[in-house]
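Each remark here refers to the structure printed beneath this line.
The basis for the numbers below is simple: all heavy atoms, side chains too, and nothing from hydrogens, waters or symmetry mates.
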Amino acid sequence: MIHETLPLLRCSENPRIVNVSSTTASFALSSAGTDLGGDADHRIAYATSKAALNMVTVQYARAFAADPQLAHIKINSVTPGYVATDMNEGEGHRSIAEGARGIIKFATAAGHEGTGGFHNEQGTVPW
């Protein structure tokens, strides 16, 4: 999808790509034993795929920075937090609207947020 939208992103004054990640993708939080909510046995594939998405974010940020025609494109991973969805049978403690706030913030930022990071609504999430 990123490759297909590059022509439009190149033409934009403030192009943004926001990859929707998960706090469960944080190696630092997971290895520290942080309670990330939900059933750890059921999130193995989910957390792993979101960690891979974070790596894709970093790799694209580096590739864009190396290309003068793409260097203005900002790409970040944002976690909405533990949102009550069908996937977790409504157990999340955040509403969909609350989870969307950080994503919207990065999608509409005016160019001061940097690129290649992992964030939530409050700030940077440790890798």
Side-chain angles (χ1 to χ4, degrees):
M1 187 166 147
I2 291 172
H3 284 282
E4 293 300 316
T5 59
L6 279 177
L8 294 173
L9 292 166
R10 271 193 191 102
C11 298
S12 176
E13 289 182 30
N14 290 307
R16 301 288 174 266
I17 299 169
V18 180
N19 289 324
V20 180
S21 189
S22 170
T23 308
T24 65
S26 169
F27 283 93
L29 296 176
S30 293
S31 62
T34 304
D35 181 5
L36 300 171
D39 185 347
D41 291 340
H42 290 104
R43 74 167 166 256
I44 293 170
Y46 179 78
T48 302
S49 68
K50 293 297 188 173
L53 178 68
N54 287 351
M55 178 57 78
V56 167
T57 300
V58 170
Q59 294 302 316
Y60 268 109
R62 292 177 56 92
F64 292 159
D67 184 333
Q69 292 183 357
L70 303 175
H72 67 299
I73 299 172
K74 305 293 186 192
I75 181 170
N76 287 286
S77 286
V78 177
T79 174
Y82 194 34
V83 175
T85 64
D86 290 345
M87 187 171 78
N88 61 32
E89 298 176 354
E91 291 183 12
H93 56 81
R94 299 192 77 196
S95 70
I96 292 171
E98 289 170 327
R101 284 194 300 236
I103 297 163
I104 292 168
K105 173 184 169 184
F106 274 84
T108 60
H112 304 290
E113 76 287 350
T115 190
F118 182 26
H119 310 275
N120 63 19
E121 192 176 350
Q122 290 77 38
T124 301
V125 176
W127 292 109

Worksheet item: Can you find a heavy atom in the side chain of R10 that is under 4.5 Å from one in the side chain of Q69?
Response: yes
Discussion item. Less than 4.5 Å apart, side chain to side chain, heavy atoms only: is that true for I75 and F64?
Written reply: yes
Discussion item. Strictly distance-based, threshold 3.5 Å: is any side-chain N or O of S26 a donor or acceptor partner for the main-chain N or O of P126?
Written reply: yes
Practice prompt. Drop me the distance from R43's CZ to T24's OG1, to the nearest 0.5 angstrom.
Written response: 6.5 Å
Worksheet item: Any chance CD1 of I96 has more than 12 other-residue heavy atoms, nucleotides or ligands included, within less than 6.0 Å?
Response: no
Discussion item. Do I2 and V20 sit in one hydrophobic cluster, given that two such residues count as connected whenever their side-chain heavy atoms are within less than 4.5 Å of each other, even indirectly?
Written reply: no
Worksheet item: Quick one: CD1 on I103 to OG on S77, what's the gap to the nearest 0.5 Å?
Response: 10.5 Å
Item to complete: Grab the two heavy atoms, one from P80 and one from R94, that are nearest each other, plus how far apart they are.
Response: O-NH1, 2.7 Å
Worksheet item: For E98, does its backbone N or O pair with a side-chain atom of S95 as donor and acceptor, under 3.5 Å?
Response: yes
Item to complete: Specify the closest pair of heavy atoms between G116 and A61, including all atoms of both residues, with the distance to one decimal.
Response: CA-CB, 3.5 Å
Worksheet item: Which heavy atom of P7 sits nearest a heavy atom of E4, and at what distance?
Response: CD-O, 3.6 Å
Discussion item. Side chains of Y82 and T23, heavy atoms from C-beta outward: is any pair under 4.5 Å?
Written reply: no
Worksheet item: To the nearest 0.5 Å, how far apart are CG in N19 and CG in N76?
Response: 8.5 Å
Worksheet item: Between V83 and G99, which heavy-atom pair has the shortest distance, and what is it?
Response: CG2-CA, 3.8 Å
Discussion item. Measuring from atom CG of N54 to atom CZ of F118, what distance do you get when rounded to the nearest 0.5 angstrom?
Written reply: 4.5 Å
Response to the item:
All heavy atoms of V18 vs all of A107, minimum pair found to be CG2-N, 3.6 Å
Worksheet item: Any side-chain heavy-atom pair from I17 and Y60 closer than 4.5 angstrom?
Response: no
Worksheet entry | Interatomic distance, K105 atom NZ to R16 atom CZ [nearest 0.5 angstrom] | 12.5 Å
Item to complete: Would you indicate whether E13, at its atom CD, is surrounded by more than 12 heavy atoms from other residues, nucleotides or ligands within a distance under 6.0 Å?
Response: no
Practice prompt. Give a yes or no on whether F106 and L53 share a hydrophobic cluster (residues Ile, Leu, Val, Met, Phe, Trp, Tyr; joining criterion: side-chain heavy atoms under 4.5 Å apart).
Written response: no
Worksheet item: H72 and L9: which non-hydrogen atoms are nearest, and at how many Å?
Response: NE2-O, 3.4 Å
Discussion item. Between D86 (side chain only) and E89 (backbone N and O only), is there a donor and an acceptor less than 3.5 Å apart?
Written reply: no
